[in-house]
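Structure first, then comments.
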Amino acid sequence: MKILVTGANGQLGSELRELSSSRTSDQFTFVDIAEMDLASDQAMHDFFDGKQFDFVINCAAYTAVDKAEEDSALAYRINAGSVKTLAGICKKKAIRLIHISTDYVFDGEGNLPISEDAVPRPLSVYGKSKLEGERHVLDMLDNAYVIRTAWVYSTFGKNFVKTIAKLAKERESLNVVSDQVGSPTYARNLAAVVLSIVDKVHAKEVDIPGVYHFSDEGVISWYDFAWFIAQTTGARCRINAIPSEEYPTPAVRPRFSVLDKRKIKKNFGISPPYWYDSLKECLSKLDH
Ligand SMILES: NC(=O)c1ccc[n+]([C@@H]2O[C@H](COP(=O)([O-])OP(=O)(O)OC[C@H]3O[C@@H](n4cnc5c(N)ncnc54)[C@H](OP(=O)(O)O)[C@@H]3O)[C@@H](O)[C@H]2O)c1
């Protein structure tokens, strides 16, 4: 298979790059902003000119959730405009698109795991722009996959796990919000899931396109997550639970972000790992 991965230097892209090294029969192409700037339609068309792929895995995104509130034009361009262009190219070239989206398309007002057909109501520019991107994919391609995920971390890039692991070593105490709950996702697990979908679709074993939810298993608050990060890294730092009101951010986050994963489990036979096992695996790879 010929597989193109965008956002190759990000968390998910980097995990896919690592996993790709053992897949010698597939030809992977990894691109980030230097190779194909998603801010430019021309750059996108130029990149694809004369090239063909079986799959595009779109991991690229404008992921700075708070910055997006001020920088909405660029957030919409990357998370929605470029996705429309990419979906158009995939349609023209008959390339299968796997697009990654987010739990932030929901308002988090419920208290039960959120299914794929729940009505989205994003609270932030990031969430709104990602929702628009999803809609372009689903409107333009009837064979694409949109995988919504949540609370992504890995050994690569910047993320909550790395930030808390570092701060817990340096500080005596940390305040972390305890009224936003969700399910962390180790990007390595998501990368494996994406490749397992690619394999099953390519082998014509399973091919049921549409929206899917994936995260690791289990439900915690950011406070719990921080507590376990500090505990597992042996930091002496005290983790204090605080309400969101005491940690104001430019972008409003959903309070309840737990995704219902039954569809991906049933259709693709996926068993998400428990979040704490994943956390331990990730931390063991970080120097702490
Ligand atoms: N991180 C999370 O907690 C989370 C949660 C739910 C869903 N998701 C979704 O999961 C997917 C992967 O997220 P991630 O955490 O791997 O994101 P990430 O680490 O921020 O990686 C995104 C990549 O996209 C690149 N990119 C940004 N602007 C670009 C442009 N103009 N042209 C080309 N590439 C550009 C970034 O490059 P630069 O670093 O140079 O900007 C970065 O390498 C995204 O769709 C995201 O929306 C993430």
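The first residue in the sequence is number 1, and the count goes up from there. Both counts, for ligands and for their atoms, begin at 1 and track the order of listing.
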**Prompt:** Quick one: do R148 and E134 make a salt bridge, cutoff under 4.0 Å?
**Reply:** yes
Could you pull out every N or O of ligand 1 that sits under 3.5 Å from a protein N or O, with the distance for each pair?
| residue | atom | partner | partner atom | Å |
| --- | --- | --- | --- | --- |
| ligand 1 | 3 (O) | V152 | N | 3.0 |
| ligand 1 | 15 (O) | Q11 | NE2 | 2.9 |
| ligand 1 | 16 (O) | Q11 | N | 3.1 |
| ligand 1 | 16 (O) | L12 | N | 2.9 |
| ligand 1 | 19 (O) | Q11 | N | 2.9 |
| ligand 1 | 20 (O) | T63 | OG1 | 2.6 |
| ligand 1 | 24 (O) | A61 | N | 3.3 |
| ligand 1 | 31 (N) | D37 | OD1 | 2.9 |
| ligand 1 | 32 (N) | L38 | N | 2.9 |
| ligand 1 | 37 (O) | D32 | OD1 | 3.1 |
| ligand 1 | 43 (O) | G10 | N | 3.2 |
| ligand 1 | 43 (O) | D32 | OD2 | 2.6 |
| ligand 1 | 45 (O) | I100 | O | 3.1 |
| ligand 1 | 45 (O) | K130 | NZ | 2.7 |
| ligand 1 | 47 (O) | Y126 | OH | 2.7 |
| ligand 1 | 47 (O) | K130 | NZ | 3.0 |

Report all side-chain donor-acceptor pairs from residues 264-274 shorter than 3.5 Å, counting only partners two or more places apart or in another chain.
| residue | atom | partner | partner atom | Å |
| --- | --- | --- | --- | --- |
| K265 | NZ | E217 | OE2 | 3.0 |
| N267 | ND2 | Y212 | OH | 3.0 |

**Asked** On the ring face of F53, is K51 found with NZ or CZ under 6.0 Å from the centre and within 45° of the axis?
**Response** no
**Prompt:** When you check the side-chain N and O atoms of K263 and S115, is any donor under 3.5 Å from an acceptor?
**Reply:** no
**Message:** Please evaluate residues L97 and Y145 with respect to the criterion side-chain contact (heavy atoms from CB on, under 4.5 Å), reporting the C-alpha separation (whole Å), side-chain torsions for both, the decisive distance (0.1 Å), and the verdict.
**Reply:** CA-CA 6 Å; L97 176 61; Y145 285 80; over 6 Å; no
**Item:** From CA spacing to verdict: side-chain contact (heavy atoms from CB on, under 4.5 Å), H213, I147
**Value:** CA-CA 6 Å; H213 286 175; I147 304 174; over 6 Å; no
